[in-house]
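Remarks on the structure that follows.
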Amino acid sequence: MDTSTEAETERVVFVTEDGVPTGETGPKLASHHAETRLHLAFSCYVLRRSDNALLITQRALHKKVWPGVWTNSVCGHPAPDEALETAVRRRASYELGLSGLEDLECVLPTYRYRTPPFQGIVENEFCPVFAAWADVDPRPNPEEVGGWRWISWADYARWIEDPATDASYWARDQFAQLKDKKPFSAL
């Protein structure tokens with residue numbers, strides 16, 4: 001009987017500085033450490049049409065990478081040979097119970113970041129950033145998500161720029177580039 005979880009069997013795709021796959025992959029959990037190789041990922045910001053609120057999530061406390069930190073709606077890694085849009089939809093369904101993302105759009109196609117060490121782990125990702133819309137509340141997977149809330153973009157802007165906020169490195173870094181891009185600039 002196979003008792004492995006998705007996180008234990010998931011593989012990351014290693015890429016060049018330009019985001020081109022090298023043909024190599026590695027196990028997701030074992031690939032994240034103090035010398036994490038550059039790999040492909042994504043971030044997605046889910047907005048609610050009825051009031052233009054943004055869904056933010058808290059990473060589950062038992063996660064290996066950035067546990068308990070608040071961040072954008074959903075992040076993840078595409079599987080080998082999986083289209084980014086397909087990966088975003090798969091992870092939104094798995095993590096958030098949101099299977100009906102609408103108007104999924106890549107808003108930062110070449111975003112790349114490397115975090116300072118956090119509990120001995122460095123994130124090093126070529127990470128296109130997406131925006132999408134959903135009109136239902138999430139039904140989060142407790143293995144992935146410790147908390148969630150809808151927040152107005154104006155409140156998010158104040159929250160993410162507050163140094164005391166327990167926000168992910170990448171959410172803070174992405175905000176500077178997202179705030180002047182649609183759909184965020186219109187919120």
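Residues Ile151 and Phe175 are members of one and the same hydrophobic cluster, defined by side-chain heavy-atom contacts under 4.5 angstrom among Ile, Leu, Val, Met, Phe, Trp and Tyr. Taking hydrophobic clusters as Ile, Leu, Val, Met, Phe, Trp and Tyr residues chained together by side-chain heavy-atom distances below 4.5 Å, Trp150 shares a cluster with Leu101. Hydrophobic clustering (side-chain heavy atoms under 4.5 Å, transitive across Ile, Leu, Val, Met, Phe, Trp, Tyr) groups Leu47 together with Trp70. Note on Leu108 and Leu187: same hydrophobic cluster, where clusters join Ile, Leu, Val, Met, Phe, Trp and Tyr whose side-chain heavy atoms are under 4.5 Å apart, directly or indirectly. Both Trp66 and Ile56 belong to a single network of hydrophobic side chains, linked directly or stepwise wherever heavy atoms of I, L, V, M, F, W or Y lie under 4.5 Å apart.
Residue Pro80 comes nearest to Arg11 through the heavy atom pair CD-O, 4.2 Å, listed as atom of the first residue, atom of the second, then distance. Nearest heavy-atom pair, Tyr45 versus Ala171, reported as atom, atom and distance to 0.1 Å: OH-CA, 3.8 Å. When all heavy atoms of Ser99 and Ser93 are compared, the pair lying nearest together is CB-OG, 4.1 Å. Val136 and Leu98 get closest at one heavy-atom pair: CG2-CD2, 3.6 Å. In terms of heavy-atom proximity, Asn72 sits nearest to Ser43 at ND2-CB, 3.6 Å. Asp155 approaches Ser152 most closely through the heavy-atom pair N-OG, 3.0 Å.
Going from atom CG of Leu96 over to atom CD of Glu144 covers 9.0 Å, rounded to the nearest 0.5 Å. Taken from CD1 in Ile121 to NZ in Lys63, the straight-line distance is 11.0 Å, to the nearest 0.5 Å. The OG atom of Ser168 lies 7.0 Å from the CD atom of Gln174; values are rounded to the nearest 0.5 Å. To the nearest 0.5 Å, the span separating CG on Asn52 from CZ on Phe184 amounts to 11.0 Å. Atoms CZ and CG, on Arg48 and Leu55 in that order, are 9.0 Å from each other to the nearest 0.5 Å. Note that OG1 of Thr22 is 7.5 Å distant from CZ of Phe14, once rounded to the nearest 0.5 Å.
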Could you go step by step and tell me if Trp133 and Leu104 meet the side chain to side chain contact (heavy atoms under 4.5 Å, CB included) rule? CA-CA 7 Å; Trp133 298 84; Leu104 180 65; over 6 Å; no
Would you check, one step at a time, whether the test ring pair (Phe, Tyr, Trp, His ring centres under 6.0 Å) holds for Tyr111 with Phe126? CA-CA 6 Å; Tyr111 176 72; Phe126 188 91; 8.9 Å; no
Please lay out, stage by stage, how Glu85 and Phe42 fare under the test side chain to side chain contact (heavy atoms under 4.5 Å, CB included). CA-CA 9 Å; Glu85 293 82 0; Phe42 66 84; over 6 Å; no
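Residues Glu35 and Val122 form no side-chain contact, since every pair of their non-hydrogen atoms from C-beta on lies 4.5 Å or further apart. Using a 4.5 Å heavy-atom threshold, the side chains of Glu17 and Leu38 count as touching. Val129 has its side chain within reach of Val107: a pair of non-hydrogen atoms, C-beta onward, lies under 4.5 Å apart. The shortest side-chain heavy-atom distance between Arg59 and Val65 falls under the 4.5 Å cut-off.
With a 6.0 Å cutoff to the six-membered ring centre and a 45° limit on the axis angle, Arg149 counts as a cation-pi contact of Trp159.
In summary, the side chains of Trp170 and Thr115 do not present any donor paired with an acceptor at a separation below 3.5 Å, with no hydrogens or angles considered. Checking Trp148 against Asp137 by side-chain atom types alone, no donor-acceptor pair falls below 3.5 Å.
Among residue pairs with one or both ends in residues 178-187, none qualify as side chain to side chain donor-acceptor pair (under 3.5 Å); sequence neighbours excluded. Evaluation of the side chain to side chain donor-acceptor pair (under 3.5 Å) test over residues 118-127, restricted to residues two or more places apart or in two chains, returns His32-Glu123, His39-Glu125, His77-Glu125, Arg112-Asn124, Tyr113-Glu125.
With Thr57 contributing its side chain and Ser73 its backbone, the two residues share a donor-acceptor pair below 3.5 Å. The backbone N or O of Asp162 sits less than 3.5 Å from a side-chain atom of Arg172, completing a donor-acceptor pair. For the pair Thr165 (side chain) and Ala167 (backbone), a donor-acceptor distance under 3.5 Å is absent.
A salt bridge links Glu10 with Arg91: the distance from a Lys NZ or Arg NE/NH1/NH2 to an Asp or Glu carboxylate oxygen falls below 4.0 Å. Note on Glu82 versus Arg90: salt bridge recorded, some NZ/NE/NH1/NH2 to OD/OE distance being below 4.0 Å. Using a cut-off of 4.0 Å between Lys/Arg side-chain N and Asp/Glu carboxylate O, Arg49 and Glu102 are scored as salt-bridged.
Under a cut-off of 6.0 angstrom, the local environment of CG in Asp81 is sparse, with at most 12 non-hydrogen atoms contributed by other residues, nucleotides or ligands.
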